[in-house]
J.: 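Here it is, the structure in full.
Lettering of chains follows the sequences in order, A, B, ..., and the numbering in each one begins at 1. Only this structure's heavy atoms are used, side chains among them; waters, hydrogens and symmetry mates stay out.
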Amino acid sequence: EDQVTQSPEALRLQEGESSSLNCSYTVSGLRGLFWYRQDPGKGPEFLFTLYSAGEEKEKERLKATLTKKESFLHITAPKPEDSATYLCAVALYNQGGKLIFGQGTELSVKP
Amino acid sequence: ETGVTQTPRHLVMGMTNKKSLKCEQHLGHNAMYWYKQSAKKPLELMFVYSLEERVENNSVPSRFSPECPNSSHLFLHLHTLQPEDSALYLCASSLGRTGPYEQYFGPGTRLTVT
């Protein structure tokens, strides 16, 4: 069964304390992996798409990487405004537009 | 308006009511989606429309009835819902159904069934 697991479920950081979020996947054929940010009461906001192992993408304090089994979202020197739930999703071959989402990591950054 | 919009943002309905959720995308996309998001659970895909044709229905109960009159608009008609249907309902759109293409989400409708 295709599965996406994110860890940890919740992460509390001090401002400036760098860390990483993990998204591990067990799927039959990865076509792409997506990272989203979701603020409370809002819809997910697209961050990155990764297509193949070894690929990396960066945006401000965020850097996403991909291996054959997992993806990491590295947060460098986070600020309180980075507090949100981060979602990982995968698209598979022969699944059309269907995305399989993980349960998310709730990040809290304290000043 | 830009991006994906949804109305209403909040909805409280009784189990015997009939209501509709509306989604509109201003991105020129060809595929639209309905998702259900419950607390502490991953997003669940409900329906997929590509060029106004329903291409996927993920075993969703018949009390949820989608409608896609054109590639910019998507509706979710609700009737005789159950309390466990209370959740955040999200609409999304993408350039196409195959790709893979990133999906862009609306702000959601918070539904409470009493």
J.: Between B:Leu43 and A:Pro44, which heavy-atom pair has the shortest distance, and what is it?
T.: CD2-CG, 4.4 Å
J.: Of the backbone (N, CA, C, O) and the side chain (C-beta and beyond), which part of A:Tyr36 lies under 4.5 Å from a heavy atom of chain B, both, or neither?
T.: side chain
J.: Please report the closest heavy-atom contact between B:Pro42 and A:Gly102, naming both atoms and the distance.
T.: CB-O, 3.7 Å
J.: Report yes or no: do A:Phe46 and A:Leu87 belong to one cluster of Ile/Leu/Val/Met/Phe/Trp/Tyr joined by side chain heavy-atom distances under 4.5 Å?
T.: yes
J.: Among B:Glu44, B:Gln37, B:Lys40, B:Lys41, who wins on heavy-atom pairs under 4.5 Å with chain A?
T.: B:Gln37
J.: Show the numbers, then the answer: is there a side chain to side chain contact (heavy atoms under 4.5 Å, CB included) between B:Leu45 and A:Phe101?
T.: CA-CA 9 Å; B:Leu45 179 65; A:Phe101 279 83; over 6 Å; no
J.: Restricting to non-hydrogen atoms, name the atom on B:Glu102 and the atom on A:Phe34 that form the minimum distance, rounded to 0.1 Å.
T.: CA-CE2, 3.4 Å
J.: Check each atom of A:Tyr51 against the heavy atoms of chain B and say whether the ones under 4.5 Å are side chain, backbone, both or neither.
T.: side chain
J.: With chain A as the partner chain, list the residues of residues 103-114 of chain B whose heavy atoms fall under 4.5 Å from it, by residue number, and write 'none' if nothing qualifies.
T.: B:Gln103, B:Tyr104, B:Phe105, B:Gly106, B:Pro107
J.: Verify the neighbour count for atom CD of A:Glu17: are there more than 12 heavy atoms of other residues, nucleotides or ligands below 6.0 Å?
T.: yes
J.: Kindly give the heavy-atom pair with the smallest separation between B:Leu88 and A:Lys42, and that separation in Å.
T.: CD2-O, 4.3 Å
J.: Are there over 12 heavy-atom neighbours, none belonging to A:Arg61, within less than 6.0 Å of that residue's CZ?
T.: yes
J.: Please flag which part of A:Glu106 lies under 4.5 Å from any non-hydrogen atom of chain B: side chain, backbone, both or neither.
T.: side chain
J.: What distance do A:Thr49 atom OG1 and B:Tyr101 atom OH have between them, rounded to the nearest 0.5 Å?
T.: 12.0 Å
J.: Can you tell me which portion of A:Leu92 sits under 4.5 Å from chain B's heavy atoms? Options are side chain, backbone, both or neither.
T.: neither
J.: Between A:Gln38 and chain B, which part of the residue has a heavy atom less than 4.5 Å away: side chain, backbone, both or neither?
T.: side chain
